[in-house]
Peer 1: 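I'd like to ask some things about the structure below.
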Amino acid sequence: ESLQFHANSHELILYDKMADMKKTPVRSIDKLKSNIANLPLKILRYEVRLIKKIKMNAILERLSYSSNPTLQDIFKSRLCKQVLLTYWEDFFGFNIIFSPQNTPLGTLREIATIKPCIKIKKAIYLTGLLQSIKSENGMGGLRSLSQELYPNNNWQKIKSDIDFLNNSLTIKPIKFLVEIKKQLKEFQPINLTDVLL
């Protein structure tokens, strides 16, 4: 019912708003309850929480805004929309992790055709790497396991191979991710009177 990426300076959260409304305040993501919990709606809530000022300033500067804003500067729909879209692209944009699963041999064939000079051993390694990050534990699981088994290994080298795959493979976007991005671009709140009538 929820997917949460957490760091000390920021969070990205996607959750089923209606299911969250039925939870106790201790277990719910949104602590502010409203009276829409029993309406026949399906709402995917998407939030970016900029917890530390330094992270907020970094995002604002990335979007060509001034750092150290006032509250009045922050609460503008155009800025909020840009922040949400930026995080969406960073996490769910056309990314190999979220593209439809290819078979291992299909992936190997595609990697070999991307870079004909690539050696078979490297192509097999890249295929295994892609299958590992698309597994049930994802990239975080792969990183944890690699650090546990090989503590002296440099994760940045593996990350550069993941970036190579991300920039080279044909990405087929998943339909529901495309639809969510479309809704974010429209950036329209739900009008409850339309739902109730």
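Keep in mind that the numbers below use all heavy atoms, side chains included, and drop hydrogens, waters and symmetry copies. Since we're looking at a predicted model, the values are computed, not measured. Throughout, numbering of the chain's residues begins at 1 and tracks the sequence.
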Peer 1: One pair to check against side-chain contact (heavy atoms from CB on, under 4.5 Å): Y65 and Q82. What are the steps and the verdict?
Peer 2: CA-CA 11 Å; Y65 288 93; Q82 285 179 293; 2.4 Å; yes

Peer 1: Restricting to pairs with a member in residues 122-132, which pass salt bridge (Lys or Arg N to Asp or Glu O under 4.0 Å), not counting sequence neighbours?
Peer 2: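 Those involving residues 122-132 are K122-D161.
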
Peer 1: Report the residues that fulfil side-chain hydrogen bond (donor to acceptor under 3.5 Å, both in side chains) with R45, sequence neighbours left out, ordered by chain and then residue number.
Peer 2: E47

Peer 1: What residues form a side-chain hydrogen bond (donor to acceptor under 3.5 Å, both in side chains) with R62, not counting sequence neighbours?
Peer 2: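 R62 satisfies side-chain hydrogen bond (donor to acceptor under 3.5 Å, both in side chains) with D90 once adjacent residues are dropped.
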
Peer 1: At what distance, to the nearest 0.5 angstrom, does NZ of K134 lie from CG of L142?
Peer 2: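 One finds 14.0 Å between NZ of K134 and CG of L142.
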
Peer 1: Indicate whether any N or O donor in one side chain lies under 3.5 Å from an N or O acceptor in the other, for Q4 and Y15.
Peer 2: no

Peer 1: Quick one: does any side-chain atom of S144 pair with a main-chain N or O of G141 as donor and acceptor, under 3.5 Å?
Peer 2: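 Absent.
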
Peer 1: Please give me the minimum heavy-atom distance between P104 and Q131, naming the atom from each residue.
Peer 2: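 For P104 and Q131, the tightest heavy-atom pair comes out as CA-NE2, 3.9 Å.
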
Peer 1: Under a single-linkage rule joining Ile, Leu, Val, Met, Phe, Trp and Tyr whose side-chain heavy atoms are separated by less than 4.5 Å, which residues share a cluster with L145?
Peer 2: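 For the cluster that includes L145, the remaining residues are L149, Y150.
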
Peer 1: Can you tell me how far the NZ atom of K17 sits from the CG atom of D20, to the nearest 0.5 Å?
Peer 2: 6.0 Å

Peer 1: Among the clusters formed by ILVMFWY side chains lying less than 4.5 Å apart, do L44 and V83 turn up in the same one?
Peer 2: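 The answer is yes; both residues are in one hydrophobic cluster.
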
Peer 1: Looking at residues at least two apart in the chain, or sitting in another chain, which of them share a ring pair (Phe, Tyr, Trp, His ring centres under 6.0 Å) with Y87?
Peer 2: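 Here the qualifying residues are H10.
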
Peer 1: Going by side-chain hydrogen bond (donor to acceptor under 3.5 Å, both in side chains), name the residues that satisfy it together with D73, two or more places apart in sequence or in a different chain.
Peer 2: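 Testing D73 for side-chain hydrogen bond (donor to acceptor under 3.5 Å, both in side chains), a comparison that skips the adjacent residues, returns T70.
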
Peer 1: Side chain to side chain donor-acceptor pair (under 3.5 Å): which pairs involve residues 50-59, sequence neighbours left out?
Peer 2: K53-N68, N57-N68

Peer 1: Could you list the residues that satisfy side-chain contact (heavy atoms from CB on, under 4.5 Å) with A123, not counting sequence neighbours?
Peer 2: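 So A123 forms a side-chain contact (heavy atoms from CB on, under 4.5 Å) with L108, I111, I118.
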
Peer 1: Are L126 and I120 connected in the hydrophobic side-chain network, where two residues link if heavy atoms are under 4.5 Å apart?
Peer 2: no

Peer 1: Starting at CG of L184, measure out to CD of E89 and round the result to the nearest 0.5 Å.
Peer 2: 9.5 Å

Peer 1: Quick one: are I13 and L3 in side-chain contact, heavy atoms under 4.5 Å?
Peer 2: no

Peer 1: According to a 4.5 Å side-chain heavy-atom criterion applied to Ile, Leu, Val, Met, Phe, Trp and Tyr, with indirect links allowed, do I54 and L79 form part of one hydrophobic cluster?
Peer 2: no

Peer 1: Supply the atom-to-atom distance F5 CZ to L14 CG, rounded to the nearest 0.5 angstrom.
Peer 2: 7.5 Å

Peer 1: Which residue pairs pass the ring pair (Phe, Tyr, Trp, His ring centres under 6.0 Å) test when at least one of the two sits in residues 41-63, sequence neighbours left out?
Peer 2: Y46-W88

Peer 1: Given side chains that start at C-beta, do those of P69 and M56 come closer than 4.5 Å, heavy atoms only?
Peer 2: yes

Peer 1: side-chain contact (heavy atoms from CB on, under 4.5 Å) for I59 and L50? Distances and angles first, verdict last.
Peer 2: CA-CA 9 Å; I59 293 292; L50 302 174; 4.2 Å; yes

Peer 1: Given side chains that start at C-beta, do those of L129 and F164 come closer than 4.5 Å, heavy atoms only?
Peer 2: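 Side chain of L129 against side chain of F164, heavy atoms only: no contact under 4.5 Å found.
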
Peer 1: Once salt bridge (charged side-chain N to carboxylate O under 4.0 Å, His left out) is applied, do any residues pair with D163, and if so which ones, sequence neighbours excluded?
Peer 2: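 Salt bridge (charged side-chain N to carboxylate O under 4.0 Å, His left out) list for D163, sorted by chain: K159.
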
Peer 1: Would you mind reporting whether S67 and L60 have side-chain heavy atoms less than 4.5 Å apart?
Peer 2: no

Peer 1: If you measure from CD1 on I162 to CD1 on I133, what distance do you get to the nearest 0.5 Å?
Peer 2: 4.5 Å

Peer 1: Holding to side-chain hydrogen bond (donor to acceptor under 3.5 Å, both in side chains), I want the full list of residues that pass it with K182, two or more places apart in sequence or in another chain.
Peer 2: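 For K182, the residues satisfying side-chain hydrogen bond (donor to acceptor under 3.5 Å, both in side chains) (neighbours in sequence not counted) are E186.
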
Peer 1: Going only through I, L, V, M, F, W and Y residues with side-chain contacts under 4.5 Å, is there a path from L84 to I51?
Peer 2: no

Peer 1: Can you tell if the side chain of N153 reaches within under 4.5 Å of the side chain of I158, non-hydrogen atoms only?
Peer 2: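 A side-chain contact exists here, since the closest heavy-atom pair is under 4.5 Å.
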
Peer 1: Among residues at least two apart in sequence or on other chains, which ones pass side-chain contact (heavy atoms from CB on, under 4.5 Å) with K121?
Peer 2: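 In terms of side-chain contact (heavy atoms from CB on, under 4.5 Å), with neighbours along the sequence ignored, K121 is linked to no residue.
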
Peer 1: Between L63 and L12, is there shared hydrophobic-cluster membership here, with clusters defined by ILVMFWY side-chain heavy atoms closer than 4.5 Å?
Peer 2: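 L63 and L12: one cluster.
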
Peer 1: Counting heavy atoms not belonging to R49, are there more than 12 under 6.0 Å from its CZ?
Peer 2: yes

